[in-house]
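For ligands, and for the atoms within them, numbers begin at 1 and follow the listed sequence. Keep in mind the model is a prediction, meaning the values are calculated, not measured. All residue numbers refer to positions in the sequence shown, counting from 1.
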Amino acid sequence: MDGGLQDLAYFGIPTFCKFPHTRDPRGADVAVVGVPQDQTVLNRPGARYGPRAIRLASQLYGSEYDADLGFYDIELGRHILEGTRLIDYGDVAILPTLTDLNMQAVTRAISEILDGGALPLTLGGDHSIVFPVVRAFEGERLDVVHFDTHLDFTDDYADLGLKFSHGNPIKRISELENVDRITQVGARGLTTPRSVHEEALRAGSSIITASDAIAKGHEWVLEKVPAAENVYVTVDIDVLDPAVAPGTGTPEPGGLSYRLLADILAGLPDKGRVVGFDIVEVNPLYDTSELTSHVAARLALDFLGAIFAAR
Ligand code: MN
Ligand code: MN
């Protein structure tokens with residue numbers, strides 16, 4: 001907005017960064033879409049409130065947003081997202097207990113955004129939403145880069161047919177015909193069974209642990225990511241250290257700093273065309289001072305800036 005008084009963070013309707021709200025993605029470069037789904041978590045629900053919390057936190061940045069110039073980044077010394085057309089598409093209507101229907105609705109929304117020619121930025125929601133998002137890219141060859149404490153590679157949690165929880169989206173994605181290589185960054189802690197680790201390696205996944213990423217730095221991590229035609233990126237906010245992002249369902253000590261994650265993301269557009277990304281598992285019910293929502297909003301803008309600088 002350029003109306004002066006309309007720009008302050010605490011007034012106006014809180015779309016993501018005060019981008020215009022429209023259900024019509026045609027003509028947009030980026031469509032932000034919320035998926036308020038948290039019914040498949042194995043612990044601590046509340047991520048359904050993630051999209052709304054991230055939108056509220058983003059008002060801070062929205063107050064400095066200019067539809068033509070984008071945002072001025074003082075560290076880069078230039079504007080980001082200059083001339084980029086960004087919209088807030090709103091949320092996918094998620095209904096209690098209707099997993100199949102919800103997944104279809106997510107795939108439909110992402111397909112519509114892709115058909116309109118926009119890059120989908122999906123705000124979760126728990127990590128299960130990423131399977132119906134990536135499914136919408138059917139027919140397009142994709143590499144996937146996945147940031148997470150957890151591998152999310154369980155086939156069937158408890159062997160009871162639980163195949164669409166937030167514990168198995170990367171396993172489900174790995175089974176899609178159009179998905180090629182998967183790189184997983186940030187694995188750590190004591191909650192990934194050996195069998196799941198082995199399952200991911202068997203599927204050809206390349207795994208970079210948090211301790212290696214932290215010790216060796218973003219350039220080393222980026223060297224490990226193969227060049228590809230198209231790249232889809234999924235960010236589970238719990239890849240960050242809980243000191244940076246406490247508001248998430250399954251926090252684990254020893255995570256990445258904001259700077260490290262942002263620097264890795266900034267290098268990904270050099271690896272291939274980034275065709276979409278998501279930030280999931282922000283859970284405002286466990287957040288402190290809205291810190292995690294702010295981090296998610298800023299991460300989205302930094303990554304979008306890098307993606308469109310490369311185009
Ligand atoms: Mn996850
Ligand atoms: Mn996780």
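Residue contacts to the Mn ion (ligand 1): Asp152 brings an N, O or S atom closer than 2.8 Å.
Using a 4.0 Å cut-off between a side-chain N of Lys or Arg and a carboxylate O of Asp or Glu, Arg311 and Asp29 do not qualify as a salt bridge.
Minimum-distance N/O/S atom of Asp238 relative to the Mn ion (ligand 2): OD2.
Qualifying salt bridge (Lys or Arg N to Asp or Glu O under 4.0 Å) partners for Glu199, counting only residues two or more places apart in sequence or in other chains: Lys171, Arg202. Residues meeting the side-chain hydrogen bond (donor to acceptor under 3.5 Å, both in side chains) test with Ser58, sequence neighbours left out: none.
Angle ND1(His150) to the Mn ion (ligand 2) to OD1(Asp148), rounded to 10°: 100°. His127 contributes ND1 and Asp236 contributes OD2; the angle these two atoms make at the Mn ion (ligand 1) is 100°, rounded to 10°.
Within the cation-pi definition used here (under 6.0 Å to the ring centroid, within 45° of the axis), Arg23 qualifies as a partner of Tyr89.
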